[in-house]
Amino acid sequence: MTEESDTLELPARDRRGKLALLGPISLGVAVLSWLTPFLGIAVAAVAIILGVVSIVTRREYRIDWTAVAGISVGGAQLFFEVVLLAIGVSGL
């Protein structure tokens with residue numbers, strides 16, 4: 001075997017078991033965080049954690065872009081909620 005064949009990564013869609021669902025669940029929870037105004041921060045944090053776990057546990061698989069999307073959408077929700085909280089505290 002050559003060194004190049006050792007570095008090949010498998011597509012994320014070929015991932016087996018429960019870990020394969022972390023990326024899509026992260027994206028779904030992130031979208032759900034925008035629909036739950038009272039629990040938005042907590043739900044967004046869960047989406048980010050699921051996405052990070054999906055990426056960290058990928059081993060020989062490529063990065064699951066649904067996990068990246070979940071982290072991005074959850075991060076946007078978290079940022080939005082923090083900005084709203086800062087505006088509320090400042091009294092603007």
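- Taking all atoms of both residues into account, the shortest heavy-atom contact from A67 to G51 is CB-O, 3.8 Å.
- Residues I25 and L39 share a hydrophobic cluster, clusters being chains of Ile/Leu/Val/Met/Phe/Trp/Tyr side chains in contact below 4.5 Å.
- Taking hydrophobic clusters as Ile, Leu, Val, Met, Phe, Trp and Tyr residues chained together by side-chain heavy-atom distances below 4.5 Å, L84 shares a cluster with W34.
- Under the side chain to side chain donor-acceptor pair (under 3.5 Å) criterion, the residue pairs touching residues 81-92 are Q77-E81, with sequence neighbours excluded.
- Nearest heavy-atom pair, A47 versus S26, reported as atom, atom and distance to 0.1 Å: O-OG, 2.8 Å.
- Side-chain contact check for P24 versus D64: some heavy-atom pair is nearer than 4.5 Å.
- Among all heavy-atom pairs drawn from T66 and L27, the shortest one is O-CB, 3.7 Å.
- Closest approach of A30 to S33, counting heavy atoms only: O-OG, 2.5 Å.
- Cluster annotation: L22 and I49 are assigned to the same hydrophobic cluster (Ile/Leu/Val/Met/Phe/Trp/Tyr, side-chain heavy-atom contacts under 4.5 Å, transitive).
- To the nearest 0.5 angstrom, I48 atom CD1 is 5.0 Å from L78 atom CG.
- The distance from the CD1 atom of I55 to the CH2 atom of W65 is 7.5 Å, given to the nearest 0.5 Å.
- Annotation for V43 and L32: closest pair CG1-C, 4.3 Å, computed over non-hydrogen atoms.
- Under the 4.5 Å side-chain heavy-atom criterion for ILVMFWY residues, a single connected hydrophobic cluster contains both V68 and V56.
- Shown here for G23 and S54, the closest heavy-atom pair between the two residues is N-OG, 3.7 Å.
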